[in-house]
Amino acid sequence: MLSSQCFENPPNLSSTCGAGRVEELAGLKTYVTGPSDSKRALLFIPDAFGYEAPKLRKLADKVASAGFFVIVPDFYYGDPVIDVNDPNFNGEAWLKNHSPDKGYEDAKPVIAALKSKGVSAIGVAGFCWGGMVLVKLAGTEDIQAAVILHPGRITEDEIRAVKIPTAILGAENDHIFPADELKKLGEIMSAKTEFESYVKIFPGVRHGWSVRYNDDDESAVKSAKEAQEDMLNWFLKHVK
């Protein structure tokens, strides 16, 4: 499910940068950053704007400085959402071509490739569309921790299937996944005592705020930074 909030504050892909590099991993073009010999890796699953989004790469570089090898694959095969104002753009058709189920299947060989490189612990962050993929991965034991940020629609059954430490960071003003509904998911997870979990709702922000904030909005930047720090702290605790 997509809504207009999925496409607010689109990134300027023409300004793509980053301290890392692009290489192929499990058949996908992938932005990689951080120490390649690290035993701890983080996989970022992006929102509809894809792996070239500058703020997403900036965040990847930031968490890589904590000692993680960070990868951001192109799960859209060169077909991210680029021009949200294009009258010919059909969000539902795009989502049909890039279903979370397909993303889940594509993520599995990526995780296997990391393990073949000697990685022993993997955390995954999923943003919007990426959150819908990640909740499926969190129902396996292939990864060690998950952070789902302002997800697209995920189901209670998917949350009940979660097996690993999982944090959900949501927005107060989210048309796609209202805060009250996210809190219900948190209650389902909290009933599982075998792993740690939580849901945190950020006040005054909208869907996508953690990686699509306005640089000129001091409050938005502060909220994004807080979410990013929460994410990193979760991985530092659970990906060892």
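This structure is a prediction, so every number in the text was calculated from the model and none was measured. Reckoned from all heavy atoms, side chains included, excluding hydrogens, waters and symmetry mates.
- Rounded to the nearest 0.5 angstrom, Leu114 CG and Ser120 OG are separated by 11.0 Å.
- When atom types are taken as modelled, the side chain of Gln144 and the backbone of Ile122 share a donor-acceptor pair closer than 3.5 angstrom.
- The shortest non-hydrogen separation linking Pro35 to Ala64 is CD-O, 3.9 Å.
- No more than 12 heavy atoms of other residues, nucleotides or ligands sit less than 6.0 Å from atom NZ of Lys225.
- Classified by interplanar angle (parallel below 30°, tilted 30° to 60°, perpendicular above 60°), the ring pair Phe127/Phe44 is perpendicular.
- Considering all non-hydrogen atoms of both residues, Gly20 and Asp61 come closest at N-OD1, 3.9 Å.
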Item to complete: Any chance you could lay out the side-chain contact (heavy atoms from CB on, under 4.5 Å) test for Met231 and Leu59, step after step, and finish with the verdict?
Response: CA-CA 10 Å; Met231 180 194 75; Leu59 177 56; 4.0 Å; yes
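- The CD atom of Glu196 sits 12.5 Å away from the CD1 atom of Ile164 when rounded to the nearest 0.5 Å.
- At least one side-chain heavy atom of Ile143 sits less than 4.5 Å from a side-chain heavy atom of Ile111.
- Between the side chain of Trp209 and the backbone N or O of Ala171, no donor-acceptor pair lies under 3.5 Å.
- Separation of atoms CD1 (Ile176) and CE (Met132) is listed at 8.5 Å; rounding is to 0.5 Å.
- Nearest heavy atom pair, residue Val110 against residue Pro73, reads CG1-CG, 4.2 Å.
- For the pair Leu182/Pro151, a side-chain contact is recorded, criterion being any heavy-atom separation below 4.5 Å from C-beta on.
- Within 6.0 Å of the NZ atom in Lys117, the count of heavy atoms belonging to other residues, nucleotides or ligands does not exceed 12.
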Practice prompt. Check the pair Lys222 / Asp217 against side-chain contact (heavy atoms from CB on, under 4.5 Å), numbers first and verdict last.
Written response: CA-CA 9 Å; Lys222 182 179 178 181; Asp217 184 335; over 6 Å; no
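- Residues Glu156 and Lys184 are not paired through a salt bridge, judged by the lack of any N-O separation under 4.0 Å between the basic side chain and the carboxylate.
- Of the possible polar contacts, none joining the Glu172 side chain to the Val205 backbone as a donor-acceptor pair under 3.5 Å is found.
- Remark: Arg40 is not positioned above the aromatic ring of Phe69, lacking an NZ or CZ atom under 6.0 angstrom from the ring centre and at most 45 degrees off the axis.
- The closest side-chain donor-acceptor pair between Tyr198 and Asp230, if any, does not fall under 3.5 angstrom.
- With respect to the salt-bridge test (charged N to carboxylate O, under 4.0 angstrom), the residues Lys96 and Glu92 do not qualify.
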Fill in: Val63/Leu42 under side-chain contact (heavy atoms from CB on, under 4.5 Å): CA gap, chis, key distance, verdict
CA-CA 9 Å; Val63 298; Leu42 300 181; 3.9 Å; yes
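- Within a 6.0 Å radius of CD in Glu194, other residues, nucleotides and ligands contribute more than 12 heavy atoms.
- Under the 4.0 Å criterion applied to side-chain N and carboxylate O atoms, Lys136 and Asp101 are assigned as salt-bridge partners.
- Under the 4.5 Å side-chain criterion, counting only non-hydrogen atoms from C-beta, Met189 is in contact with Val199.
- The pair Arg21-Glu23 meets the salt-bridge criterion, since a charged nitrogen lies less than 4.0 angstrom from a carboxylate oxygen.
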Fill in: Ile168 vs Ile159, side-chain contact (heavy atoms from CB on, under 4.5 Å): CA-CA, chis, key distance, verdict
CA-CA 11 Å; Ile168 300 178; Ile159 289 297; 4.1 Å; yes
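- For the residue pair Ala41 and Val119, the shortest heavy atom distance occurs at CB-CG1, 3.7 Å.
- A salt bridge links Arg160 and Asp157; the closest N-O separation between the charged side-chain nitrogens and carboxylate oxygens is under 4.0 Å.
- For the residue pair Phe177 and Ile154, the shortest heavy atom distance occurs at CE1-N, 3.2 Å.
- Within a 6.0 Å radius of NZ in Lys58, no more than 12 heavy atoms belonging to other residues, nucleotides or ligands are found.
- In this structure, Trp94 and Trp129 have perpendicular ring planes: the angle between them is above 60°, well past the 30° mark.
- With rounding to the nearest 0.5 Å, the separation of SG in Cys128 from CZ in Phe49 is 9.0 Å.
- Crowding of Lys192 atom NZ: a count of heavy atoms from other residues, nucleotides or ligands under 6.0 Å exceeding 12.
- Annotation for Lys29: atom NZ does not count as buried by contact number, only 12 or fewer foreign heavy atoms lying within 6.0 Å.
- The side-chain heavy atoms of Asn97 and Tyr76, taken from C-beta on, include no pair separated by under 4.5 Å.
- In this structure the side chain of Thr155 reaches within 4.5 angstrom of the side chain of Glu158, judged on heavy atoms.
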Practice prompt. Starting from the C-alpha separation in whole Å, work towards a yes-or-no answer on side-chain hydrogen bond (donor to acceptor under 3.5 Å, both in side chains) for His150 and Asp174.
Written response: CA-CA 8 Å; His150 38 81; Asp174 195 325; over 6 Å; no
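- Between Lys102 and Asp106 there is a salt bridge, with a side-chain nitrogen of the basic residue lying less than 4.0 Å from a carboxylate oxygen of the acidic one.
- Between Arg212 and Asp47, at least one side-chain N (NZ, or NE/NH1/NH2) sits under 4.0 Å from a carboxylate O, which counts as a salt bridge.
- To the nearest 0.5 Å, atom CG of residue Leu169 and atom OG of residue Ser223 are 11.5 Å apart.
- With hydrogens and angles disregarded, a donor-acceptor distance shorter than 3.5 Å links the side chain of Ser38 to the backbone of Gly67.
- We find that Lys200 and Glu226 are joined by a salt bridge, their nearest charged nitrogen and carboxylate oxygen being less than 4.0 Å apart.
- No side-chain heavy atom of Val32 sits less than 4.5 Å from a side-chain heavy atom of Leu25.
- By the 4.5 Å heavy-atom criterion applied to side chains, Tyr77 and Leu28 are counted as neighbours.
- Judged by distance alone, with hydrogens and angles left aside, the side-chain atoms of Ser65 form a donor-acceptor pair with the main-chain N or O of Lys62 at under 3.5 Å.
- The distance from the CD1 atom of Ile82 to the CZ atom of Phe89 is 10.0 Å, given to the nearest 0.5 Å.
- Using a 4.5 Å heavy-atom threshold, the side chains of Leu137 and Tyr104 count as touching.
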